[in-house]
Protein chains: 2
Amino acid sequence: MDIKTLCLGSLTLGEASGYEIKKLFEEGPFAYFYHASYGSIYPALGELLKNELITMREEAQDGRPDKKVYAITPKGQEVLSQKLKKVPAPDKIRSESMLMIFLADNIDARQLEDVFDGYLASYREKLACVSEPSDQEIEPHCQFAVGFGQALYSAAITYMEENKNLLLEPSQQKAAQ
Amino acid sequence: MDIKTLCLGSLTLGEASGYEIKKLFEEGPFAYFYHASYGSIYPALGELLKNELITMREEAQDGRPDKKVYAITPKGQEVLSQKLKKVPAPDKIRSESMLMIFLADNIDARQLEDVFDGYLASYREKLACVSEPSDQEIEPHCQFAVGFGQALYSAAITYMEENKNLLLEPSQQKAAQ
DNA sequence: ACCGGCATGTAACGGGTTACATGATTTT
DNA sequence: AAAATCATGTAACCCGTTACATGCCGGT
């Protein structure tokens with residue numbers, strides 16, 4: 001499952017430009033399960049267009065640069081359906097923040113607190129972003145995805161708030177076993 | 001933060017072989033925030049050894065192949081501390097399962113249910129794995145990491161169980177807004 | 001005057017995965 | 001007899017990120 005599939009999939013939700021697709025997975029409520037940079041999205045759209053899996057229409061905007069609006073074709077729909085037929089690969093996560101917390105012995109307390117606070121702040125931001133009411137009507141399965149993100153972020157925030165002491169208390173009291 | 005840093009960091013927890021490091025991030029309680037394959041770990045260890053950031057000792061075992069046990073050197077400790085000084089990059093997640101759920105319109109109900117069930121099962125497995133009591137004494141910050149994983153997995157499982165209907169009910173009843 | 005947001009792209013570089021190769025031993 | 005686990009390693013390949021390049025418009 002590569003970025004081409006991601007772009008194709010995004011376009012089943014409606015027309016969009018490369019810029020908009022990027023925002024969807026960088027800032028939007030769906031940022032928690034996938035993301036991609038311009039350097040992969042624009043070339044992907046180029047190839048999809050070449051293979052006629054999508055169409056492109058240039059749209060002039062006032063006060064802003066033109067944009068290229070892409071839409072999926074029937075052929076693209078078919079290819080997408082085919083690509084989605086295989087079993088999904090297991091999740092791949094890479095969290096440097098958690099790695100640093102895990103390796104906390106090797107960093108000083110000051111920095112550890114910075115990492116912790118930054119991580120917590122990032123979750124609060126993500127939660128806020130995923131929680132802001134959308135203007136559009138949301139389909140049930142998108143609602144499911146959004147709610148899933150909310151649930152995860154909330155759990156993370158709560159846990160971090162309640163267990164900060166485990167990490168940052170100088171007197172490392174241990175729970176009696 | 002690359003796999004070399006990961007290996008170096010792992011070795012601050014104690015000596016280990018490449019095989020053991022892989023298991024730590026593939027099966028162990030820390031599988032949720034990072035992982036790496038042999039194809040990256042073995043070369044990484046090779047380079048670290050070449051740079052004298054780690055040492056290697058071959059250990060014969062009965063009934064099993066020999067293994068190469070690596071340990072971090074003072075120089076390695078220094079390099080690690082240095083590498084951990086920068087601000088951690090934001091988390092990178094790639095969940096094909098959630099992407100498929102998000103694109104549920106493009107797959108048939110039967111497969112969607114398979115994806116859902118598989119995803120839920122994988123979370124249950126992970127939770128079980130992260131919850132099994134360790135034989136070793138755990139440092140507070142490792143405890144924090146383990147607890148974090150538990151909290152996230154639990155939240156995911158609960159959410160999925162309670163909202164399966166959002167995704168799989170044929171009668172897509174919507175909540176009144 | 002400058003910065004941030006909108007908008008599209010490219011090219012080099014690197015990093016890691018996948019697949020292959022090998023082999024002993026234990027479990028089924 | 002086959003499959004799974006332990007154990008190490010290599011090499012090709014590919015995908016994606018980073019950084020660069022460009023430019024307009026609106027707000028401060």
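Chain identifiers are assigned alphabetically (A, B, ...) following the order of the sequence lines, protein sequences preceding nucleic acid strands; residue numbering begins at 1 within each chain. Computed over heavy atoms, backbone and side chain alike; hydrogens, waters and symmetry mates excluded.
Using modelled atom types and a 3.5 Å distance limit, the side chains of Tyr119(A) and Ser95(A) yield a donor-acceptor pair.
Distance, Ile3(B) CD1 to dT18(C) P: 12 Å, rounded to whole Å. In this entry the distance linking NZ of Lys67(B) with P of dA7(D) reads 5 Å, nearest Å. If you take CZ of Arg57(A) and C1' of dA7(C), they are 16 Å apart, rounded to a whole angstrom. Between the P atom of dA7(D) and the CG atom of Leu45(B) lies a distance of 14 Å, rounded to the nearest Å. Computed from coordinates, the Tyr42(A) OH to dT17(D) P distance equals 14 Å when rounded to whole Å. As rounded to whole Å, 10 Å separates atom P of dT17(C) from atom CG of Leu6(B). For the pair Asp66(A) CG and dC6(C) C1', the interatomic distance rounds to 11 Å; values are reported in whole Å. Going from atom OH of Tyr70(A) over to atom C1' of dT8(C) covers 8 Å, rounded to whole Å.
Remark: Arg124(B) engages Glu161(B) in a salt bridge, criterion side-chain N to carboxylate O under 4.0 Å. A salt bridge is absent between Lys85(B) and Asp108(A); no separation between the charged side-chain nitrogens and carboxylate oxygens falls under 4.0 Å. Taking 4.0 Å as the cut-off between side-chain N and carboxylate O, Glu96(A) and Lys92(B) do not count as a salt-bridged pair.
Aromatic ring pairs are classed by plane angle as parallel below 30°, tilted from 30° to 60° and perpendicular above 60°; the pair Phe30(B) and Phe25(B) is tilted. Aromatic ring orientation, Phe148(B) versus Tyr159(A): perpendicular (interplanar angle above 60°, classes split at 30° and 60°).
When distances are taken from the side chain of Asp2(B) to each of dC15(D), dG15(C), dG9(D), the shortest belongs to dG15(C).
Of the residues near DNA chain D, Val69(B) and Arg94(B), the one whose nearest nucleotide (by heavy atom distance) lies more toward the 5' end is Val69(B).
Near DNA chain C, meaning a heavy atom under 4.0 Å from it, residues 12-41 of chain A has Ser17(A), Gly18(A), Tyr19(A), Tyr38(A), Gly39(A) in order of number.
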